[in-house]
Amino acid sequence: MQVSGTKFYYLKNEAVLLEMGLINWALSELVTRGYTPLSTPDIVRSSVLEKCGFQPRALNTQVYSIEGTDQCLAGTAEIPVGGMYMDQIIDDSLLPLKFVAFSHCFRTEAGAAGYATRGMYRVHQFSKVEMFVICRPEDSDSFHEELISIEESLFSSLGLHYKTLDMPSEDLGAPAYRKYDVEAWMPGLGRYGEISSSSNCTDYQSRRLNIRYRPAIEESNPSTVDKPKKRKGQLKFVHTLNATACAVPRMIISILENFQQKDGSIIIPEVLQPFMGGVKAISPKSKQ
């Protein structure tokens with residue numbers, strides 16, 4: 001409170017190992033699935049943020065703007081990852097592009113007063129591992145199913161009790177054509193709390209960011225036995241998708257509250273133990 005104000009936090013001892021373990025575990029899982037790892041800038045230009053569908057200076061904005069500049073603090077890695085390909089034409093042979101990005105996220109949480117504001121559930125700064133896909137339009141629905149399948153696989157391997165919601169249109173943000181939310185049971189809240197989401201933004205972001213590709217079209221000549229020749233088609237906008245692999249504070253909440261024992265100790269999920277130096281449990285400590 002005295003150092004940064006409300007909705008910020010320190011981690012100490014095994015809690016730091018748990019945060020780092022979650023990040024490295026999520027990155028490792030996604031890299032083995034063919035996703036390219038990235039770390040992204042914390043600061044982006046307002047124009048990039050707007051093109052991704054966020055409003056940096058609107059009423060009750062979730063965005064921290066840097067006074068006297070055209071820059072903002074990024075609230076999610078999808079903004080700098082999408083901006084990385086702004087005004088580019090991607091070779092058809094390179095698609096799909098699949099990334100897993102680690103970043104720090106900054107959000108004002110304006111308008112959230114009184115709603116799960118205590119503890120780590122809703123904070124101004126946190127670490128997150130995000131999946132981001134750039135693909136051909138005809139492939140975006142199948143990649144959306146891939147992303148939600150990966151999320152469910154990750155949370156199942158942790159032993160969390162969760163449910164997946166296909167969100168109604170009135171609950172979608174501006175960029176999303178379709179969105180799934182994943183909620184895990186949180187005893188402290190006495191209900192399920194959101195731990196992840198997965199959105200298919202189709203060409204909403206790519207049109208604004210001007211990210212295109214030129215499809216390769218095969219031409220066959222029935223009078224010859226030669227291999228079909230490829231010619232370049234008209235430029236098209238790619239589709240973009242994003243999904244949360246690990247939002248660290250809410251994952252910590254889920255683990256601490258669901259795996260706490262009668263003696264106050266916390267059992268670390270088995271899949272995380274190798275990423276925490278072999279720590280299998282967190283035992284209660286006296287105040288230090």
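The analysis underlying the following values was restricted to heavy atoms, covering all of them including side chains, and did not include hydrogens, waters or symmetry mates. None of these values were measured; they are calculated from a predicted model.
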(message) Once rounded to the nearest 0.5 Å, what's the spacing between atom CD1 of I253 and atom CG of L189?
(response) 7.0 Å
(request) Could you list all the salt bridge (charged side-chain N to carboxylate O under 4.0 Å, His left out) pairs where at least one residue sits in residues 255-271, not counting sequence neighbours? (result) none
(message) Going by side-chain contact (heavy atoms from CB on, under 4.5 Å), name the residues that satisfy it together with P284, two or more places apart in sequence or in a different chain.
(response) S265
(request) State the OG-CD1 distance between S197 and I148, to the nearest 0.5 angstrom. (result) 8.5 Å
(request) For residues K280 and I267, determine if any side-chain heavy atom of one lies less than 4.5 Å from a side-chain heavy atom of the other. (result) no
(request) Give a yes-or-no answer on whether the side chains of K179 and S198 include a donor-acceptor pair shorter than 3.5 Å. (result) no
(message) Determine whether the aromatic ring centres of residues H239 and F237 are separated by less than 6.0 angstrom.
(response) no
(message) Tell me the closest heavy-atom pair linking F155 and A245, and the distance in Å.
(response) CE2-O, 3.8 Å
(message) Do T76 and N242 have side chains that approach each other closer than 4.5 Å (heavy atoms only, starting at C-beta)?
(response) no
(message) Please determine whether side chain to side chain contact (heavy atoms under 4.5 Å, CB included) holds for the pair L30 and M131, giving the CA-CA distance in whole Å, both sets of side-chain angles, and the decisive distance to 0.1 Å.
(response) CA-CA 8 Å; L30 268 298; M131 296 177 280; 3.3 Å; yes
(request) Could you walk me through whether T61 and Q55 pass the side-chain hydrogen bond (donor to acceptor under 3.5 Å, both in side chains) test, one step at a time? (result) CA-CA 6 Å; T61 181; Q55 299 177 335; over 6 Å; no
(request) Would you name the heavy atoms of A243 and E151 that are closest together and state the gap between them? (result) CB-OE2, 3.4 Å
(message) Could you report the tightest heavy-atom contact between P175 and C52, atom names first, then the distance?
(response) CG-O, 3.4 Å
(message) Go through it in stages, so that I can follow the logic: the residues are T36 and V31, the test is side chain to side chain contact (heavy atoms under 4.5 Å, CB included), and I'd like the CA-CA distance, side-chain angles, deciding distance and then a yes or no.
(response) CA-CA 6 Å; T36 300; V31 168; over 6 Å; no
(message) Could you tell me if the side chain of I195 sits less than 4.5 Å from the side chain of L160, heavy atoms only?
(response) yes
(message) Before you tell me yes or no, could you show the steps for T164 and E152 under side chain to side chain contact (heavy atoms under 4.5 Å, CB included), namely the whole-Å CA-CA distance, both residues' side-chain angles and the distance that decides it to 0.1 Å?
(response) CA-CA 8 Å; T164 302; E152 291 175 338; 2.7 Å; yes
(message) To the nearest 0.5 Å, what is the distance between CH2 on W25 and CG on L18?
(response) 11.0 Å
(request) Please check if any side-chain donor atom of E78 sits under 3.5 Å from a side-chain acceptor atom of Q205, or the reverse. (result) yes
(message) Looking at R250, is its backbone amide N or carbonyl O close enough to the side chain of S254 to form a donor-acceptor pair, meaning the two atoms are under 3.5 Å apart?
(response) yes
(request) Decide yes or no for L147 and S149: does some side-chain heavy atom of the first lie under 4.5 Å from some side-chain heavy atom of the second? (result) no
(message) Would you say that V123 contacts F8 through its side chain, given a criterion of any heavy-atom pair below 4.5 Å between the two side chains?
(response) no
(request) Kindly write out the residues that satisfy salt bridge (Lys or Arg N to Asp or Glu O under 4.0 Å) with E50, not counting sequence neighbours, or none if the list is empty. (result) none
(message) Any non-hydrogen side-chain atom of V129 less than 4.5 Å from a side-chain atom of L22?
(response) no
(request) Identify the heavy atoms of C135 and L241 that sit nearest to each other, and give their distance. (result) SG-CD1, 3.8 Å
(request) Could you tell me whether R107 sits above the aromatic face of Y64, with NZ or CZ closer than 6.0 angstrom to the six-membered ring centre and within 45 degrees of the axis? (result) no
(message) For a 4.5 angstrom cut-off between non-hydrogen side-chain atoms, does F102 reach S127?
(response) yes
(message) Are there over 12 heavy-atom neighbours, none belonging to E170, within less than 6.0 Å of that residue's CD?
(response) yes
(message) Give me the atom names and distance for the closest heavy-atom approach of M276 to I268.
(response) SD-CG2, 3.7 Å
(request) Please check if V248 and L27 belong to a single hydrophobic cluster, counting links between Ile, Leu, Val, Met, Phe, Trp and Tyr side chain heavy atoms closer than 4.5 Å. (result) yes
(message) Please report the interatomic distance OG1(T244) to CG(L154), rounded to the nearest 0.5 Å.
(response) 11.0 Å
(request) Could you tell me the separation between the CD atom of E19 and the CD atom of E14, rounded to the nearest 0.5 Å? (result) 14.0 Å
(request) Determine whether more than 12 heavy atoms belonging to other residues, nucleotides or ligands lie under 6.0 Å from atom CD of Q234. (result) no
(message) Going by ring pair (Phe, Tyr, Trp, His ring centres under 6.0 Å), name the pairs with one or both residues in residues 156-191, residues two or more places apart or in two chains.
(response) H144-Y180, W185-Y192
(request) Answer yes or no: is there a donor N or O on one side and an acceptor on the other, between the side chain of T69 and the main chain of Q71, under 3.5 Å? (result) yes
(message) When you measure from the side chain of E130 to the backbone of V100, do you find a donor-acceptor pair of N or O atoms at a distance under 3.5 Å?
(response) no
(message) According to side-chain contact (heavy atoms from CB on, under 4.5 Å), who are the partners of E146, at least two apart in sequence or on a separate chain?
(response) Y35, K98, F143, I150
(request) Any chance you could pull the hydrophobic cluster mates of L235, using side-chain heavy atoms under 4.5 angstrom and chaining through other members? (result) I89
(message) Checking D139 now: which residues fulfil salt bridge (Lys or Arg N to Asp or Glu O under 4.0 Å) with it, not counting sequence neighbours?
(response) R136
(message) Running the 4.5 Å side-chain criterion over Ile, Leu, Val, Met, Phe, Trp and Tyr, what cluster does I211 land in, apart from itself?
(response) L38, V44, V48, L49, F54, V63, I79, V81, M84, Y85, M86, I90, L94, L95, L97, F99, F132, I134, L209, Y213, V238
(request) Could you note down all residue pairs passing salt bridge (charged side-chain N to carboxylate O under 4.0 Å, His left out) where residues 207-216 supplies at least one of them, sequence neighbours left out? (result) D203-R207
(message) Counting C-beta onward and ignoring hydrogens, is there a side-chain heavy-atom pair between M251 and L158 closer than 4.5 Å?
(response) yes
(request) Not counting sequence neighbours, list each pair that qualifies as a salt bridge (charged side-chain N to carboxylate O under 4.0 Å, His left out) and has a residue in residues 26-48. (result) E29-R33, R45-D70
(message) Please give me the minimum heavy-atom distance between A174 and Y204, naming the atom from each residue.
(response) O-CE1, 3.4 Å
(message) Using modelled atom types and a 3.5 Å cut-off, is there a donor and acceptor pairing between side-chain atoms of Q261 and backbone atoms of F259?
(response) yes
(message) Using a 4.5 Å cut-off between side-chain heavy atoms of Ile, Leu, Val, Met, Phe, Trp and Tyr, which other residues end up in the same hydrophobic cluster as L165?
(response) M167, L172
(request) Give a yes or no answer on whether the side chain of R178 reaches the backbone of S199 with a donor-acceptor pair at less than 3.5 Å. (result) no
(request) Please answer whether the main-chain N or O of S93 pairs with a side-chain N or O of D91 as donor and acceptor at a distance below 3.5 Å. (result) yes
(request) Apply the test side chain to side chain contact (heavy atoms under 4.5 Å, CB included) to residues V279 and Q273: give CA-CA distance (whole Å), side-chain angles for both, the deciding distance (0.1 Å), then the verdict. (result) CA-CA 6 Å; V279 173; Q273 292 175 13; over 6 Å; no
(request) Using the test salt bridge (Lys or Arg N to Asp or Glu O under 4.0 Å), find all partners of D87 that sit at least two apart in sequence or belong to another chain. (result) none
(request) Calculate, to the nearest 0.5 Å, the distance between atoms CD1 and CD1 belonging to I255 and I282 respectively. (result) 8.5 Å
